[in-house]
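Notes follow the structure.
Side chains are part of it too, since the values below use all heavy atoms of this structure and drop only hydrogens, waters and symmetry mates. All chains are named by letter (A, B, ...) in the order of the sequence lines, taking the proteins before the strands, and each is independently numbered beginning at 1.
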Number of protein chains: 2
Amino acid sequence: MPLLVFLLFYSLEHVISLPNYIFLIADYLGYNDIGSYGSPTIRTPHLDQIAAEGLRFTQFYTASLCSPSRASLLTGRLPIRSGVYTNLPYPEDSKFRVFYPSSVGCMLKNETTIADFLKAKGYRTAMIGKNHVGHNAGCLPTDRGFEYFYGLPYSHEEGYPTYPEEIGWPPVPLFKDRTIVEQPVNLSSLTPRYNQAILSLLDQYAATQENFFLLVGYEQPHVPLFASPLFVNVSKRGLYGDAVIEMDDSIGQILAKLKEKNLDGNTLIFFASDNGGWISPSSGFSSNSIPPFDGGSNGALYEGKGSTYEGGMRVVAMFRWLGMIQPGISMETASMMDLVPTILEWSAIQKPQDLVLDGYSLVSLLVGKNQSSPYPYYPYWRDRTLYAIRNASFKCHFYTRSGFGDDPPVSHDPCLLYNIDWDVGEQYPLNVSDYLDVINSMNSIYQSQLADVTFGPSQFEMQDVSVLPCCHATLNASGILEALAKYGPGLEMWNSLGCVC
Amino acid sequence: MPLLVFLLFYSLEHVISLPNYIFLIADYLGYNDIGSYGSPTIRTPHLDQIAAEGLRFTQFYTASLCSPSRASLLTGRLPIRSGVYTNLPYPEDSKFRVFYPSSVGCMLKNETTIADFLKAKGYRTAMIGKNHVGHNAGCLPTDRGFEYFYGLPYSHEEGYPTYPEEIGWPPVPLFKDRTIVEQPVNLSSLTPRYNQAILSLLDQYAATQENFFLLVGYEQPHVPLFASPLFVNVSKRGLYGDAVIEMDDSIGQILAKLKEKNLDGNTLIFFASDNGGWISPSSGFSSNSIPPFDGGSNGALYEGKGSTYEGGMRVVAMFRWLGMIQPGISMETASMMDLVPTILEWSAIQKPQDLVLDGYSLVSLLVGKNQSSPYPYYPYWRDRTLYAIRNASFKCHFYTRSGFGDDPPVSHDPCLLYNIDWDVGEQYPLNVSDYLDVINSMNSIYQSQLADVTFGPSQFEMQDVSVLPCCHATLNASGILEALAKYGPGLEMWNSLGCVC
């Protein structure tokens, strides 16, 4: 549309009403696992519709694991600031990479979340699905700005009876607000129940004409893979593909509801994966129960979930707001941390003066006023260590390490340089002597990023069985050991402890 | 549209007029190197338009090298039948993989090409761009059913002065019909000149309202990379990306012309790459002049051009015919050999009774009447050897070998089995004992394919400097050696022989 008409429309929108927000977060979906990103085997017509009607990013970053990624989405800040990391050195760091059922800590309680901001602005706020930024007292979504929570506190792999060897974790609980309503959660009906909750909320918001912020954290396609009976064997890609297709179908139901309720013109949809696909699903487990096909594909990207190579941190991501966001493909650097600043701008919320945000507003990029990334550079953090820096087309690794192997971090001096626009697979390190200026600049950026960042106290190491979610009791270590001795590992044991409901 | 309306429209189209055909063939474009197949760095809006308005294939096969791929497109048959292979064993086979400037032979002269069929049906036929199925007497496009040819007889890497070490090959010639009109060809203006020729033909066909078949063989993005001045530095992906974007722009001009001339409703556009992207461009050369970035990316697919892994033989491919072909994504097996049978059906041409075709008509798949692949299985040939068989989701390698390395073929008994729908990267061989039935079936298919195929006499080995294209002379070996001794390698030497014009 002509610029003036566009600007008029843009201004009018702002005058008339605030937008609604729906964030849809997939659980470690691979970069290559939906149609619009080139999947050869998985059909995702609804995500492809969002891609066609919205702006799809090819260079969108996030933390390489679930908890830090979701913390960065909620806060607009590096996870290191909000305590969502471990301070332990190698090899102990491998044992504390996300929040577990026994995690005492959580994303620091003094963080202001996107839900806090929007709730204060008068938005209705709700989280359906996976939380994973902590679940101890004061840590649940309903303590973090969400009026409503229906979902899992952490990954559904974290708990018996899914993986028999993990006897230290109780059956996975399903929460409604602060209450466990089902334990273990019935995965085969979970997504349909999420759908019902989502559609019911949208009906309600449409009826009252209130602004809303809805965050949906799909459990799919994380292992252990699952799909509702209707979606089993619908894809060529096995249960992994089935799981993706069930998620896509859920998104289709949301799109249809928005259309039905005439909400399309005033609702921003954001879809992304929380981190890169898990390409080595067997390696993180002591059991061999997970075949490699249960992992995803990151296409041309090297490595996957857990690593600071592109396969771990570059994810599928797209924004749709009909009439506002210019459809197309953006090849600019953007990140999960940009959601808070973007929403602050679009909802006309003043950023608190003392709040340090690491993301940038994407508004001008999304509406097509500006084609350039707001990032001067992008830092690749993994726990307490800054692993790499991206600057324009160049990425320099100061440390490298596999996502889920037993290998220690390897330091590089000078840093290991790639042109990741030319070599997205990080296969051909550049000759240092040809790029001394770039290396020098990377060194400066590295130091300045380190100097800029204030570490919050690390939360991952703090573990105590007394915080294990259990619907009818508080647990203690000796009780768990006694029950184990009496019943052996299994649901009966947990039932005897009061953790089945 | 409702089925009845659709069928009516389908029948009317057939009554009213025959369709026109435009085939657009990229030169070893990587599977991941256009937007609709997930390129993170190369913008291809016009190809993406074809993908959005047409049917895009994710499992489309072709031979792994230029000459056999183009032969299979032209004949609808395995290249082994038309002589487009070498019969030499390893390691000599590596030296004769396509037609060279000194090739005496060509795709067998008794083959009937798609252009022969269509010309006999009254179509105007033209080839613009790369031929590469032979250029000796009786072998040029104008000898094979094309009324008009403007392009190169073979790859533009095959000839001095591009690669100084290749002193045996004259400067690359540009042909018009059977005449060399420029030697060496000026690459930096080549695509614009192709565009001019294409648009002028389309104007002419539109004016006379004649049915036409236009085959465009882009030289891009083959090495040595080139782009017209307007397209240098337009991409994030270096000169490789620039070359792809210039090709995409050419396709945009064709789309615009079709619209302008109101030809959209009666013209089928087919776009594909002749084979997988070259991922190891330095390995095939004695010089180190080609950086790895000059190669393409095949995304999740393993290996590239020259190999029988998916990266060598699975390519980007899409069909558009507005109002006839159902837009979408097909994940069914199809191949370059299907063009002849498809066109025979759509243009109501009777297949000669004694002609053996290896491809299948895709008409019912393209119009949406049938969702399944016509292939009972797919054979992966490399020269005289059948390397692998695909059957449904399974692929079994009887031989493996790198695309351009020095390694010999390695035989596998039992064959090396993958589920390439689950594991498109061919990373996780399946446990034979779990799939004995599949292996047995693969063995039967392998034998039956071998028994079915009649080898044409192999053409690649026959070489003679007297057939080297030279605009003003016929060459002989002693003359070349004398000129070399006198002038040293260079344009002056070739000029002295009469091969510069």
Under a 4.5 Å heavy-atom cut-off, does chain B meet the side chain of Ser235(A), its backbone, both or neither? neither

By a 4.5 Å heavy-atom criterion (distance strictly below it), what part of Thr44(A) contacts chain B: side chain, backbone, both, or neither? neither

Heavy-atom pairs under 4.5 Å with chain A are the metric here; pick the option from Pro40(B), Ala51(B), Ala300(B) that has the most. Pro40(B)

Worked verdict on Met247(B) versus Phe231(B) for side-chain contact (heavy atoms from CB on, under 4.5 Å): CA-CA 10 Å; Met247(B) 176 182 69; Phe231(B) 290 90; over 6 Å; no

Would Ile50(B) and Leu255(B) count as a side-chain contact (heavy atoms from CB on, under 4.5 Å) here? Give the steps. CA-CA 9 Å; Ile50(B) 293 176; Leu255(B) 292 175; 4.0 Å; yes

In terms of heavy-atom pairs under 4.5 Å with chain B, the winner among Thr41(A), Ile42(A), Asp421(A) is Asp421(A)

Engaged part of Tyr31(B) at the chain A interface, taking heavy atoms whose separation is under 4.5 Å: side chain

For a side-chain contact (heavy atoms from CB on, under 4.5 Å) with Phe270(B), tell me which candidate from Met336(B), Arg320(B), Met318(B) qualifies. Met336(B)

Honestly, the part of Ile34(A) sitting under 4.5 Å from a heavy atom of chain B is neither

For Tyr37(A) and Leu47(A), run side-chain contact (heavy atoms from CB on, under 4.5 Å): C-alpha distance rounded to whole Å, both residues' side-chain angles, the deciding distance at 0.1 Å, then the answer. CA-CA 10 Å; Tyr37(A) 283 79; Leu47(A) 284 167; over 6 Å; no

Under 3.5 Å donor-acceptor, Asp407(A) side chain and Ser402(A) backbone: yes

Using a distance-only test with no angle check, is there a side-chain donor-acceptor pair under 3.5 angstrom linking Gln427(A) and Tyr418(A)? no

Please classify the contact between Asn298(A) and chain B as side chain, backbone, both or neither, with a heavy-atom cut-off of under 4.5 Å. neither

Using side-chain contact (heavy atoms from CB on, under 4.5 Å), reason through Tyr61(A) and Tyr380(A) one step at a time and then give a plain yes or no. CA-CA 9 Å; Tyr61(A) 291 98; Tyr380(A) 297 71; 3.2 Å; yes

Under a 4.5 Å cutoff for heavy-atom pairs, which residue among Ser393(B), Gly38(B), Gly299(B) has the most contacts with chain A? Gly299(B)

Which atoms of Arg43(B) come close to chain A, meaning under 4.5 Å heavy atom to heavy atom: side chain ones, backbone ones, both, or neither? both

